[in-house]
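This report concerns only the one structure given below.
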Amino acid sequence: MTHPYGPGTGADPSADPGLDLARKVLDAQPFSRLVGARITAFGDGGATLEVDLREELQQQNGFAHGGVLSYAADNAITFAAGTALGPAVLTAGFSIQYVRPARGRTLVARASVVHAGRRQAVVRCDLLTVDGEDGQDAQNAPGGRHDEGRETLCAVAQGTVLSAGA
């Protein structure tokens with residue numbers, strides 16, 4: 001059985017209908033638009049969400065605010081669970097452990113389903129920051145792709161997501 005969120009068959013990841021649908025769902029969330037979040041991978045039990053760490057998303061010491069990391073973990077966890085449970089899902093709860101202050105150009109939340117049943121899924125999420133190409137942080141690096149820099153683990157989260165479908 002092919003899941004509607006499954007990966008496309010073409011070599012071009014931008015032509016993936018599941019990823020396109022996930023991007024539309026994310027864009028329908030006003031808070032996600034405010035934060036500037038984007039989904040860069042979706043399918044096969046996983047999802048990746050990215051947020052550029054602009055000044056407005058920092059706390060007083062210049063690090064990404066913990067609420068931004070929590071938002072990214074929650075949404076990435078829920079989207080990953082949607083690949084296993086279907087599109088109607090709700091977060092039942094999650095926990096997050098901050099490993100180090102988040103400072104970099106981009107925050108990347110990579111979530112993957114650890115276990116899925118008929119009505120719930122347990123999902124793990126790694127939150128990483130990405131430096132600029134030459135190690136520059138968010139204050140010094142204007143734009144560019146996240147894959148040009150070094151990734152640093154800043155938090156780990158785990159959540160339970162429930163199917164809201166009938």
Side-chain angles (χ1 to χ4, degrees), residues 1-54 57 64 68-92 94 96 102 104-133 141-166:
M1 175 173 148
T2 303
H3 193 282
Y5 280 158
T9 57
D12 180 7
S14 65
D16 183 338
L19 181 59
D20 289 343
L21 178 58
R23 287 177 173 155
K24 288 176 183 166
V25 170
L26 185 70
D27 191 52
Q29 300 174 358
F31 187 75
S32 293
R33 289 193 313 268
L34 177 70
V35 172
R38 60 192 175 274
I39 291 186
T40 57
F42 181 80
D44 293 331
T48 302
L49 187 129
E50 296 183 8
V51 176
D52 291 330
L53 293 176
R54 60 187 194 277
L57 302 179
V68 175
L69 275 71
S70 290
Y71 154 78
D74 180 24
N75 240 7
I77 284 169
T78 304
F79 272 93
T83 68
L85 299 176
V89 292
L90 296 169
T91 303
F94 76 97
I96 186 166
R105 185 183 67 225
T106 304
L107 174 66
V108 177
R110 283 194 195 116
S112 59
V113 174
V114 176
H115 174 78
R118 287 185 318 109
R119 304 252 323 129
Q120 77 175 21
V122 176
V123 182
R124 172 191 162 90
C125 181
D126 289 337
L127 294 117
L128 309 109
T129 54
V130 182
D131 290 346
E133 194 170 347
R145 293 280 315 145
H146 84 269
D147 54 359
E148 297 170 344
R150 183 187 71 221
E151 294 183 344
T152 303
L153 182 69
C154 58
V156 177
Q158 179 173 300
T160 301
V161 179
L162 303 176
S163 172

Run the side-chain contact (heavy atoms from CB on, under 4.5 Å) test against A116 and tell me which residues pass, sequence neighbours left out. A84, V113, A121

Test side-chain contact (heavy atoms from CB on, under 4.5 Å) applied to D74 - qualifying residues, sequence neighbours left out: T78, T91, F94

For A76, which residues count as a side-chain contact (heavy atoms from CB on, under 4.5 Å) partner, sequence neighbours excluded? L49, A109, A111, C125

Pairs touching residues 104-127 that satisfy ring pair (Phe, Tyr, Trp, His ring centres under 6.0 Å), sequence neighbours left out: none

Indicate yes or no: at least one non-hydrogen side-chain atom of S32 is less than 4.5 angstrom from one of N75. yes

Please give me the minimum heavy-atom distance between D131 and G104, naming the atom from each residue. OD1-CA, 4.2 Å

For residues 20-39, which residue pairs qualify under ring pair (Phe, Tyr, Trp, His ring centres under 6.0 Å), counting only residues two or more places apart or in two chains? F31-Y71

Rounded to the nearest 0.5 Å, how far does CD of E50 lie from CZ of R110? 8.0 Å

So, using side-chain contact (heavy atoms from CB on, under 4.5 Å) as the criterion, who are the partners of A64 when residues are at least two apart? L53, L69, A102

Scanning both residues in full, the closest heavy-atom pair of D16 with F42 reads OD2-O, 4.0 Å

Checking side-chain contact (heavy atoms from CB on, under 4.5 Å) for the pair R33/D27: CA distance, chi angles, key distance, verdict? CA-CA 6 Å; R33 289 193 313 268; D27 191 52; 3.2 Å; yes

Looking only at heavy atoms, which two atoms of S112 and V123 are closest? And how far apart? O-CG1, 3.2 Å

Enter the distance from T152:OG1 to L128:CG here, rounded to the nearest 0.5 Å. 8.0 Å

Shortest non-hydrogen pair, I77 vs G159, comes out as CD1-N, 3.8 Å

Sequence neighbours excluded, the answer for side-chain hydrogen bond (donor to acceptor under 3.5 Å, both in side chains) partners of Q120 is none

Measure the spacing between CD1 of I96 and CD of Q158 and express it to the nearest 0.5 Å. 12.0 Å

Check: T83 side chain, G45 main-chain N or O, donor-acceptor pair, under 3.5 Å: yes

CG on L85 to CZ on R118, rounded to 0.5 Å: 11.0 Å

From R150 atom CZ to T129 atom OG1, the distance as rounded to the nearest 0.5 Å: 8.0 Å

Would you compute the distance between atom OG1 of T106 and atom CD of E151 and round it to the nearest 0.5 angstrom? 10.0 Å

Begin with the C-alpha distance, continue with both residues' side-chain angles, and end with the deciding distance and a verdict on side-chain contact (heavy atoms from CB on, under 4.5 Å) for L57 and R54. CA-CA 6 Å; L57 302 179; R54 60 187 194 277; 3.7 Å; yes

